[in-house]
J.: 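Structure below; questions to follow.
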Number of protein chains: 2
Amino acid sequence: MSRVADPTSRISLLRAAEEVFAERGLIGAKVEEITRRAGMSKGSFYLHFESKEKAFEQVTESFLARIGAMMPKPGHDMPHEPRELLRVWLEQDSQLFDFLWQNRAIVHIILGCQGDHVYLLQAFFRAMQENSCGWVRFWKGRGLFGDEVDEQLAATLICGAYNELYKKMIAAPKKPEVEAWLRVAQGMVVRGFGTTKLIRAYDASVHGAHGDTT
Amino acid sequence: MSRVADPTSRISLLRAAEEVFAERGLIGAKVEEITRRAGMSKGSFYLHFESKEKAFEQVTESFLARIGAMMPKPGHDMPHEPRELLRVWLEQDSQLFDFLWQNRAIVHIILGCQGDHVYLLQAFFRAMQENSCGWVRFWKGRGLFGDEVDEQLAATLICGAYNELYKKMIAAPKKPEVEAWLRVAQGMVVRGFGTTKLIRAYDASVHGAHGDTT
DNA sequence: CGGGTTACTGACCCGCGGGTCAACAATAGG
DNA sequence: CCTATTGTTGACCCGCGGGTCAGTAACCCG
């Protein structure tokens with residue numbers, strides 16, 4: 001028999017790598033710094049990863065795979081009442097922003113990707129855009145967004161607005177109160193693209209009595 | 001007397017540098033590639049610039065200085081009629097997007113800044129945000145945006161939406177027809193934050209007869 | 001033409017950092 | 001304890017690319 005590998009080595013390295021990549025980006029991150037933070041030797045890095053780039057890709061791509069699942073999609077079980085829909089929308093936004101906050105280091109990394117790794121940034125934005133497109137289509141299907149609304153363009157504008165919000169969120173030292181932000185953003189989108197029916201539902205949700213649900 | 005310096009050397013180098021920085025970013029750009037494209041020797045680069053970084057800063061910072069001046073600001077001579085204001089707004093947006101298109105290489109460079117040069121990206125976005133804030137304040141002052149509208153937050157959302165538009169524009173091989181985009185964006189903002197008076201003016205401008213001005 | 005001055009060149013220098021691997025360390029079994 | 005096996009280490013290797021500068025080139029004037 002022989003020496004047993006430390007089962008936590010890889011995890012320590014991944015954690016340290018994520019931290020250093022977030023602080024410095026791929027180029028600025030040094031393998032020596034990563035291994036120093038993990039409390040290991042420089043050479044051991046290559047027992048776990050083929051190269052620095054490969055480690056970078058593992059950190060970022062696994063996150064991108066996860067965010068695909070995290071992205072709320074319109075389903076068959078969506079409520080029919082506009083006001084209830086708005087509540088669900090806000091709830092899902094809130095959860096997504098929580099997720100982005102919890103993974104703010106990786107999000108920060110991805111937002112800085114360029115060169116050979118610009119595909120990661122593009123994949124991230126594409127996921128956002130496509131999801132937003134799906135939602136615009138859904139709203140139109142429910143007759144709650146105007147027929148004349150161009151899906152792609154509306155999704156672009158909506159994504160842009162939300163992008164700016166989560167960028168501001170993750171740049172903050174402590175998680176800000178994003179609920180209010182998300183409500184204002186929802187208001188802009190509803191008024192900007194929604195039908196009278198949806199706008200009325202929104203207004204009622206803003207001025208109406210609070211929910212009695214558990 | 002002595003040998004006369006080539007007066008176009010510096011300009012050739014700056015042009016080549018801008019090109020290579022846009023394609024590769026700062027790190028990916030090699031001095032040897034820049035000088036090769038300028039048709040000069042590698043060493044001559046340092047006759048004009050202290051370092052690669054300094055050349056990078058010259059390219060980007062002079063653009064940022066210019067965009068400050070290019071950014072349309074609410075002035076004393078603004079029209080009073082909401083519909084005329086909307087027209088001026090669109091015109092200014094169009095001019096700004098033209099400017100961004102003409103300088104798309106540098107914009108692309110700046111959007112990719114990180115690390116030591118992240119201040120450039122931040123300065124760019126800050127200029128956009130502050131300008132947007134100024135406009136939100138102006139609209140509120142004219143009674144055309146709701147009193148309850150939070151300037152900072154509205155400016156953030158508006159900037160985000162417009163950011164996404166110019167990013168899409170500069171990523172295109174040929175300049176797209178952004179006029180339609182800008183009109184939709186304006187519509188979203190007006191409906192999202194404007195008063196009934198402004199919304200009516202917007203609707204009239206969309207459905208009304210076309211201008212007869214020269 | 002020769003001399004003096006400045007512009008330009010590209011071979012070279014050298015620090016940086018990703019990656020390697022021989023030597024050492026840790027572990028289990030006999 | 002010794003041996004075999006696998007894990008880990010960090011000194012070292014080496015390519016890359018920013019920057020240097022001695023040598024060469026260009027130019028003007030006497």
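Numbers restart at 1 for each chain; the letters A, B, ... are given by sequence-line order, proteins then strands.
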J.: Output yes when A/E19 and A/R24 qualify as a salt bridge under the 4.0 Å nitrogen-oxygen rule, no when they do not.
T.: no

J.: Which nucleotide, C/dC8, C/dG19, D/dG19, lies nearest any side-chain atom of B/L47?
T.: C/dC8

J.: Spell out, as yes or no, whether a donor-acceptor pair under 3.5 Å connects the side chain of A/K174 to the backbone of A/A172.
T.: no

J.: Taking the side chain of A/S44 as heavy atoms from C-beta outward, which of C/dT20, C/dT9, D/dT8 is closest to it?
T.: D/dT8

J.: Is any side-chain N or O of A/S51 closer than 4.0 Å to OP1 or OP2 of C/dG18?
T.: no

J.: Measure the distance from CZ on A/R10 to P on D/dT8 and round it to the nearest whole Å.
T.: 13 Å

J.: Tell me: CZ of A/F45 to P of D/dT9, nearest whole Å?
T.: 14 Å

J.: Between A/R104 (side chain only) and A/W101 (backbone N and O only), is there a donor and an acceptor less than 3.5 Å apart?
T.: yes

J.: Test B/F45 against B/F49 for ring-ring contact (aromatic ring centres under 6.0 Å, His included), laying out the working first.
T.: CA-CA 6 Å; B/F45 186 86; B/F49 307 106; 5.2 Å; yes

J.: Using atom CZ of A/R3 as one end and atom C1' of C/dA25 as the other, report the distance to the nearest whole Å.
T.: 6 Å

J.: Please report the distance, rounded to the nearest Å, between CD1 in B/I34 and C1' in D/dG19.
T.: 13 Å

J.: Atom NZ of B/K42 and atom P of D/dG19: how far apart are they, to the nearest Å?
T.: 9 Å

J.: Between A/S41 and D/dT9, does any side-chain N or O lie under 4.0 Å from OP1 or OP2?
T.: yes

J.: Distance check needed: D/dT9 C1' versus A/D6 CG, whole Å only.
T.: 14 Å

J.: Rounding to a whole Å, what distance do you find between A/R36:CZ and D/dT9:P?
T.: 15 Å

J.: For DNA chain C, which residues of residues 13-31 of chain B approach it to below 4.0 angstrom with any heavy atom?
T.: none

J.: Under a 4.0 Å threshold between the charged nitrogen and the carboxylate oxygen, would B/E18 count as salt-bridged to B/R15?
T.: no

J.: Looking only at side-chain atoms of B/A5, point me to the closest of C/dT9, C/dA7, D/dG18.
T.: C/dA7

J.: Please report, rounded to the nearest Å, how far the P atom of C/dG19 is from the CD atom of A/E50.
T.: 9 Å

J.: Using a heavy-atom cut-off of under 4.0 Å over every strand shown, decide if B/K52 touches base, sugar-phosphate, or nothing.
T.: sugar-phosphate

J.: Does B/S9 put a side-chain nitrogen or oxygen below 4.0 Å from OP1 or OP2 of C/dC8?
T.: yes

J.: Under a 3.5 Å distance rule, please check whether B/K52 uses its side chain to pair with a backbone N or O of B/L26 as donor and acceptor.
T.: yes

J.: Can we say B/R37 and B/E23 salt-bridge, meaning some charged N sits less than 4.0 Å from an Asp/Glu carboxylate O?
T.: yes

